[in-house]
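Read the numbers this way: they start at 1 and go in the same order the structure lists the ligands and their atoms.
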Amino acid sequence: MSLSLEGHTYVVMGVANKRSIAWGISRSLADAGATLVFTYAGERLGKNVRELADTLETDTYVYPCDITSDEEIQSTFSQIKEEVGTIDGLAHCIAFAKTEDLEGSFVETSREGFQLAHDISAYSLTAVAHALKQNELMPEGGSILTMTYLGGERVVQNYNVMGVAKAALDASVRYLANDLGESNIRVNAISAGPMRTLSAKGISGFNTVLKEMEEKSPLKRTVTQEEIGGTALFLMSDLSKGMTGEILHVDGGYHIIG
Ligand SMILES: CCCCCCc1ccc(Oc2ccc(Oc3cccc(O)n3)cc2)c(O)c1
């Protein structure tokens, strides 16, 4: 049981900038010696991701992938199989909901806003897992990891439709774990405490939740990218090979407080 990932390759989806949780995960995996394959959506982000990838000491690849398109997911993952070969795991750090659906009353959520949030923040995990299987990217098995939040387990004011999408994501982790276990593919989630990321800027009332975390969490502080990265390293490594369908809270213990 080791924590070195030398000779292992992981796909990381969702790096936007150096404050992204996906970037914290990438740094931890790279520091352990892993080769990383980044995917991004939108050319603007592509530039950011390439610049960040070039700062790592390890081998890196960068591909565009708009996860709202089944064709693009299929073509990206077949290209990865072609050019990189098989992989040992994948970190899915992708979510989106319209700003107007991240404030006010959930009851006013539009059909379109609900579908968009679920398509990007929940269904995309299943679509990616399917593409991994179809392209035989993890023939010996591997580890799939996604990011979730407490607002999918209980009401967090303003999180609204993203909370409902995270509940769908959490259940998807369990059903994918069930389907893929016989292929030795594990599927888990990290439920991270609030952090000042680009995404967090889109949620009204975010600063209040951050302050509450520092006051009420057992550790009396917010968590860092390095702490999320360390748990991701654990979930991608042999040390967690007995775990699947699990949601690990890396939130300073906040979720145990009523
Ligand atoms: C009121 C809740 C405060 C704690 C929220 C912690 C958190 C922070 C960021 C999270 O990730 C996203 C990702 C996309 C997202 O949708 C966005 C982000 C920016 C702009 C926009 O139009 N939509 C909202 C949250 C997330 O799922 C959870």
Give me the nearest non-hydrogen protein atom to atom 7 (C) of ligand 1 as residue plus atom name, then the distance to 0.1 Å.
I203 CD1, 3.9 Å
Presence of salt bridge, E51 and R44, under 4.0 angstrom:
no
Do the two ring centres, one from Y159 and one from Y149, sit under 6.0 Å apart?
yes
For a quick check under 3.5 Å, do H130 and Q74 share a side-chain donor-acceptor pair by atom type?
no
Measure the distance from atom 4 (C) of ligand 1 to every protein heavy atom, then report the residue, atom name and distance (to 0.1 Å) of the closest one.
Y149 OH, 3.4 Å
Salt-bridge test for E246 and R186: reply yes if a basic N is under 4.0 Å from a carboxylate O, no otherwise.
no
Polar contact flag, side-chain donor to acceptor under 3.5 angstrom, T9-D88:
no
Mind running side chain to side chain contact (heavy atoms under 4.5 Å, CB included) on L90 and L145 for me, showing each step along the way?
CA-CA 6 Å; L90 178 139; L145 156 61; over 6 Å; no
Mind checking whether F106 and F114 have parallel, tilted or perpendicular rings, split at 30° and 60°?
tilted
Examine the proximity of ligand 1 to M162 and report which part, side chain or backbone, both or neither, has a heavy atom under 4.0 Å away.
side chain
Using a 4.0 Å heavy-atom threshold (strictly under), name the region of K166 that reaches ligand 1: side chain, backbone, both or neither.
side chain
Just to be sure I read this right, does ligand 1 sit under 4.0 Å from the backbone of F96, its side chain, both, or neither, counting only heavy atoms?
both
Between L102 and ligand 1, find which residue part has any heavy-atom pair under 4.0 Å and reply side chain, backbone, both or neither.
side chain
Does M195 come within less than 4.0 Å of ligand 1, judged by its heavy atoms?
no
In this structure, atom 20 (C) of ligand 1 is nearest to the protein heavy atom G202 CA, 3.9 Å
Heavy-atom distance to atom 18 (C) of ligand 1: which of S199, S191, G14 wins?
S199
Which of the numbered atoms in ligand 1 are below 4.0 angstrom from a heavy atom of A95?
13 (C), 14 (C)
Please indicate whether any nitrogen or oxygen in Y159 is less than 3.5 Å from any nitrogen or oxygen in ligand 1.
yes
Please work out, at 4.0 Å between heavy atoms, whether the side chain, the backbone, both, or neither of T99 comes within that distance of ligand 1.
both
For atom 2 (C) of ligand 1, tell me which residue out of L210, I120, T197, V156 has the closest non-hydrogen atom.
V156
Would you call E43 and K47 a salt bridge, using N to O less than 4.0 angstrom?
no
May I have the step-by-step check of side-chain hydrogen bond (donor to acceptor under 3.5 Å, both in side chains) for S183 and K133, ending in yes or no?
CA-CA 9 Å; S183 310; K133 205 147 171 45; 3.1 Å; yes
Contacting atoms of ligand 1, where contact means under 4.0 angstrom from a heavy atom of Q157
1 (C)
Ionic contact status for R221 with E227, cut-off 4.0 Å:
yes
What about A97: any of its N or O atoms under 3.5 Å from an N or O on ligand 1?
yes
